Amino acid sequence: MNAASHRYWLMKSEPDECSIDDALAAPDRTVPWTGVRNYQARNFMRDGMQVGDGVLFYHSSCPAPGIAGIARVASGPRPDPTQFDPASPYHDAASRPEAPRWLLRDVQAVRKTRLLPLAELRAHPGLAEMLVLQRGSRLSITPVDPVHWALIADGLLAGR
DNA sequence: GCCAACGTTGGC
DNA sequence: GCCAACGTTGGC
């Protein structure tokens with residue numbers, strides 16, 4: 001799997017922290033994707049993403065988990081400032097400013113969609129291979145196959 | 001609140 | 001390098 005070849009991603013956010021509505025209300029509809037503390041997810045942000053890539057904005061750890069909107073990658077990688085903030089739940093005392101361990105991307109909301117529930121994703125035969133649906137999958141950022149993107153963004157969520 | 005599954009830590 | 005213990009994720 002060539003990490004630089006993906007054009008589409010699914011990114012999980014807890015809506016209590018940052019919902020699709022929060023992103024749409026932010027300046028330039030853009031939010032810094034703070035708090036990723038998993039190396040695989042970090043590496044996707046560092047090495048895999050390109051500005052303009054499509055993002056499925058997923059609400060997790062909430063009463064109605066599922067895809068809540070469409071967004072796009074809006075910046076290159078840069079250090080996540082919360083790692084250096086002792087007051088932040090994402091503080092990492094072992095990370096040095098001269099060698100930041102954690103990175104983020106800016107993510108720009110494109111549109112809110114209907115809530116596409118996790119159960120509906122699971123029920124769709126064409127989406128069975130989606131990484132986020134695999135048993136035990138916990139990664140907060142996963143690449144999305146272009147076929148899956150088309151089924152969701154241009155199909156299930158088209159115009160909604 | 002439960003718990004399956006995964007990632008990280010740290011002793012050896 | 002192994003692997004048990006522990007912490008976290010996240011749906012239900």
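Because the structure is predicted, anything quoted here is derived from the model rather than measured. First the proteins, then the strands, lettered A, B, ... as listed; each starts at 1.
- Listed candidates were C/dT8, C/dG11, B/dT8. Nearest to the side chain of A/Arg138 is C/dT8.
- For A/Tyr58 and C/dG11, the shortest distance from a side-chain N or O to OP1 or OP2 is below 4.0 Å.
- To the nearest angstrom, C1' of C/dG10 lies 9 Å from CD of A/Glu14.
- Of the side-chain N and O atoms in A/Lys12, none sit less than 4.0 angstrom from OP1 or OP2 of C/dT9.
- Nearest nucleotide to the side chain of A/Arg122, out of C/dC12, B/dT8, C/dG10: C/dC12.
- Distance, A/Arg42 CZ to B/dT8 P: 10 Å, rounded to whole Å.
- Going from atom CD1 of A/Ile67 over to atom C1' of C/dG10 covers 16 Å, rounded to whole Å.
- Taking atom CD1 of residue A/Ile141 and atom C1' of nucleotide C/dT9, one finds them 14 Å apart after rounding to whole Å.
- Contact check on A/Asp92 versus A/Arg101 returns a salt bridge, with a Lys/Arg side-chain nitrogen under 4.0 Å from an Asp/Glu carboxylate oxygen.
- For the residue pair A/Gln108 and A/Arg29, no side-chain donor N or O sits within less than 3.5 Å of a side-chain acceptor on the partner.
- Separating the CG atom of A/Leu121 from the C1' atom of C/dC12 is a distance of 16 Å, rounded to the nearest angstrom.
- Between A/Trp149 and A/Tyr8, the angle of the ring planes stays under 30°, which puts this pair in the parallel group of the 30/60° scheme.
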Worksheet entry | salt bridge (Lys or Arg N to Asp or Glu O under 4.0 Å) between A/Arg42 and A/Asp80, intermediate numbers included | CA-CA 10 Å; A/Arg42 180 204 67 181; A/Asp80 179 345; over 6 Å; no

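- The nearest whole Å value for the distance from the CG atom in A/Leu139 to the P atom in C/dT9 is 12 Å.
- Here the side chain of A/Asn38 is nearest to one of C/dG11, B/dG7, C/dG10, namely B/dG7.
- For the pair A/Trp102 CH2 and B/dT8 P, the interatomic distance rounds to 7 Å; values are reported in whole Å.
- The CG-P distance, from A/Leu133 to C/dT9, rounds to 20 Å in whole Å.
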